[in-house]
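Just so you know, ligand 1 is whichever comes first in the structure, and atom 1 is the first atom listed for that ligand. Both backbone and side-chain heavy atoms feed into the values below; hydrogens, waters and symmetry mates do not.
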Amino acid sequence: MAYPYVHEKEVQIVSRGWGKPRTRTIDGWRELDGYVGFRKALEMGRAAVIEEVKKSGLRGRGGAGFPTGLKWSFMPKEKRGPHYLCCNADESEPGTFKDRELLRWTPHQLVEGCLIGALAIQADHVYIYCRGEFFEANQVLARAVEEAYAAGLAGANILGSGVSIDVTVHQGAGAYICGEETALMSSLEGRRGLPRVKPPFPAAVGAFGRPTTINNVETLCAIPHIVRNGGEWYRQWGTEKSPGTKLFCVSGHVRRPGNYELPLGFPMNELIYDVCGGFEEGRKLKAVIPGGASVPILSADECLACCLDYEGVQKSGSMLGCASVIVMDDRTNIVKQVRRMVEFFAHESCGQCTPCREGTTWLSRILRRIEGGKGTEEDLETLLALGTQMTATTICVLSDSAAVPVASSIQKFRDDYLALIRRGEAVGVV
Ligand SMILES: Cc1cc2nc3c(=O)[nH]c(=O)nc-3n(C[C@H](O)[C@H](O)[C@H](O)COP(=O)(O)O)c2cc1C
Ligand code: SF4
């Protein structure tokens, strides 16, 4: 199958150009109207750019879905020193693989989005914090930044406008926690990637102690299109509160896993059975994690009526997060899946907060015990109580993220736990 497979229901805005090596070059990007948005932004001025982004209703694609225009407007209007924009390209949430594709196929789309964002928040410097394991993406991106400098689109006095913006690609070192925005800034400053207590928020005290905005790769990639075509144009897709398109990273037991750019509000049912081709013969849906490892698991019934926008998924009992849809068929051992996710969080905990450091380890030990056939029904109550103590008690939400799948799976798939407990023997702990 040619890369990428594009389904007829997709609306390709940020994914347009994927699979075409020429799009990686500045000339190739210009053939797709590249840098027209940035030139327009220079003419519009910062306040008008923020208004247009507000009008579009774009919400951050890094997980929380916070309105981007509003976030930009939190930056100080009066400059008393440098401002920074950090692009969060540290993508490591289990089940998420959209930013890597944006980085490696359309690096100029991101550079253009960063330049517009920097203009809007009066940033002197953009730091693109890119996951170190993305070797190809890092190389492609570094080349794109060089090309932008050579074309006078980055650096001092851009296109004679008097605006100066520097762009640096910074490689991360593979810690999941460095995707959390305050840890990212600590790491960027050359310190350990430890999350910081908020407030102060980054717009007041961010990287190097200066006002900073952190945005996800996909968020910034949508910006050139919004500025070029207008905020209203973007609203033709999606819902009133979740406008535009979104990349859905679908993995698991479907026939055609992959990245799909679809309007927000797209029915989950249609995504699984039509866009992704459903399941192997004789298999049926058991559960879906709709937004990466950090969100509650949905049962098959909950999935059927679920619409994939921020409000729709919440109504169904979970969160859209970064739209990493992990689909599981009826072969799935839910306890094993949850245990593997919890072990991921235990491994990635930075260790600053006791409920997270100890809690993630205890969750994984108890889950392993249940999986190994040595659990008791009391363990389920212990898991739930532990989860409660891990929620809203720590510096960042990694701790909550580990507790969420445990609690939701016990609530919705209690029989799976009980079957292992009552069977009393191991089922291949891997
Ligand atoms: C543990 C943890 C890991 C995160 N990892 C990422 C990540 O890899 N990429 C990302 O964009 N946001 C990540 N986030 C969210 C960021 O903190 C931040 O909210 C986001 O980059 C803001 O961008 P947006 O407003 O464009 O969504 C993570 C958050 C947490 C708590
Ligand atoms: S919640 Fe966990 S990952 Fe987050 S700061 Fe505390 S110990 Fe570190």
Side-chain angles (χ1 to χ4, degrees), residues 14 53 58-72 74 85-100 102-103 110 113-114 117 121 127-134 172 174-188 192-198 201-203 206 212-223 244 246-247 249 291-295 310 319-324 342 344-361 363 389-404:
V14 294
V53 174
L58 176 69
R59 296 171 66 167
R61 305 303 195 213
F66 193 82
T68 306
L70 186 61
K71 190 184 219 180
W72 289 1
F74 292 157
L85 173 69
C86 292
C87 168
N88 193 338
D90 198 42
E91 180 174 65
S92 9
E93 180 77 15
T96 312
F97 42 84
K98 62 186 179 68
D99 294 345
R100 184 189 54 195
L102 289 167
L103 290 161
L110 178 63
C114 286
I121 63 164
Y127 291 99
I128 305 178
Y129 188 102
C130 188
R131 181 174 168 170
E133 292 99 322
F134 289 172
Y176 168 71
I177 196 58
C178 288
E180 193 280 333
E181 58 187 20
T182 59
L184 183 151
M185 292 187 294
S186 300
S187 169
L188 185 66
R192 279 185 67 186
L194 301 178
R196 312 173 188 174
V197 176
K198 291 187 279 191
F201 290 98
T212 303
T213 293
I214 300 100
N215 278 131
N216 171 256
V217 169
E218 189 186 349
T219 312
L220 290 166
C221 282
I223 295 294
K246 175 83 192 78
L247 287 168
C249 313
S294 320
V295 307
Y310 294 97
M319 287 181 291
L320 185 66
C322 38
S324 312
V342 167
F344 170 81
F345 289 121
H347 184 262
E348 298 296 333
S349 166
C350 82
Q352 285 189 100
C353 319
T354 308
C356 176
R357 185 185 62 244
E358 302 299 322
T360 51
T361 310
L363 287 179
Q389 289 163 44
M390 290 169 64
T391 304
T393 52
T394 53
I395 296 173
C396 84
V397 295
L398 184 143
S399 182
D400 309 50
S401 302
V404 156

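- Considering backbone and side-chain atoms together, Tyr176 places no N or O closer than 3.5 Å to any N or O of ligand 1.
- Using a 4.5 Å heavy-atom threshold, the side chains of Arg192 and Ser187 count as separate.
- Residue Arg61 has at least one heavy-atom neighbour below 4.0 Å for each of these atoms of ligand 1: 26 (O), 27 (O).
- Listed by number with element, the atoms of ligand 1 under 4.0 Å from a non-hydrogen atom of Ser92 are 8 (O).
- Between Leu85 and Tyr127, the closest side-chain pair of non-hydrogen atoms is not below 4.5 Å.
- The protein non-hydrogen atom at the shortest distance from atom 11 (O) of ligand 1 is Asn216 ND2, 2.8 Å.
- Taking every heavy atom of Gly60 and a limit of under 4.0 angstrom, the matching atoms of ligand 1 come to 24 (P), 25 (O), 26 (O), 27 (O).
- Residue Asp90 has at least one heavy-atom neighbour below 4.0 Å for each of these atoms of ligand 1: 8 (O).
- No side-chain heavy atom of Tyr129 sits under 4.5 Å from any side-chain heavy atom of Ile214.
- Ring-plane geometry between Phe344 and Tyr176 is classed as perpendicular, the angle between the planes exceeding 60 degrees on a 0 to 90 degree scale with a lower cut at 30.
- Of the heavy atoms in Glu91, only backbone atoms (N, CA, C, O) come closer than 4.0 Å to ligand 1.
- Here the side chains of Glu91 and Val217 are not in contact, with every heavy-atom distance at 4.5 Å or above.
- Rounding to the nearest 0.5 Å places CG of Asn88 at 9.0 Å from OG1 of Thr219.
- Rounding to the nearest 0.5 Å places CZ of Phe345 at 9.5 Å from SG of Cys356.
- Comparing heavy-atom distances from atom 2 (C) of ligand 1 across Glu180, Glu348, Glu93 singles out Glu180 as nearest.
- If you look at Leu194 next to ligand 2, there are no close heavy atoms at all, none under 4.0 Å.
- A donor-acceptor contact shorter than 3.5 Å is absent between the side chain of Glu93 and the backbone of Cys322.
- Of all non-hydrogen atoms in Ala346 and Thr361, the two that sit nearest each other are CB-N, 4.2 Å.
- For ligand 2, the atoms lying closer than 4.0 Å to a non-hydrogen atom of Ile177 are 3 (S).
- Any N or O atom pair closer than 3.5 Å counts here, and Val217 shares no such pair with ligand 1.
- Near Ile214, meaning under 4.0 Å from one of its heavy atoms, ligand 1 places the atoms 21 (O), 22 (C), 23 (O).
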Q: Might you work through the side chain to side chain contact (heavy atoms under 4.5 Å, CB included) test for Phe74 and Thr213, ending with a clear yes or no?
A: CA-CA 9 Å; Phe74 292 157; Thr213 293; over 6 Å; no
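- Of the protein's non-hydrogen atoms, Asn88 ND2, 3.1 Å is the one closest to atom 10 (C) of ligand 1.
- Counting atoms of ligand 1 from 1 in the listed order, those under 4.0 Å from a heavy atom of Val397 are 31 (C).
- Interatomic distance, OG of Ser401 versus CE of Met390, reported as 9.0 Å (0.5 Å rounding).
- By the 3.5 Å distance cut-off applied to N or O atoms, Leu398 is not counted among the residues near ligand 1.
- The two residues Glu218 and Asp99 make their nearest non-hydrogen contact at N-OD1, 3.7 Å.
- Using a 4.5 Å heavy-atom threshold, the side chains of Lys98 and Asn216 count as touching.
- The nearest protein atom to atom 25 (O) of ligand 1, hydrogens excluded, is given as Lys71 NZ, 2.8 Å; this is a heavy-atom distance.
- Considering backbone and side-chain N/O of Glu181, one or more are found under 3.5 Å from N/O of ligand 1.
- By the 4.5 Å heavy-atom criterion applied to side chains, Cys86 and Thr212 are counted as neighbours.
- The shortest contact between atom 27 (O) of ligand 1 and any protein heavy atom is with Gly62 N, 2.8 Å.
- In this structure, the protein non-hydrogen atom closest to atom 14 (N) of ligand 1 is Gly179 O, 3.3 Å.
- The distance cut-off of 2.8 Å around atom 6 (Fe) of ligand 2 captures these protein N, O or S atoms, sorted by chain and number: Cys353 SG.
- Contact atoms of ligand 1 toward Thr219: 24 (P), 26 (O) (distance under 4.0 Å to a heavy atom of the residue).
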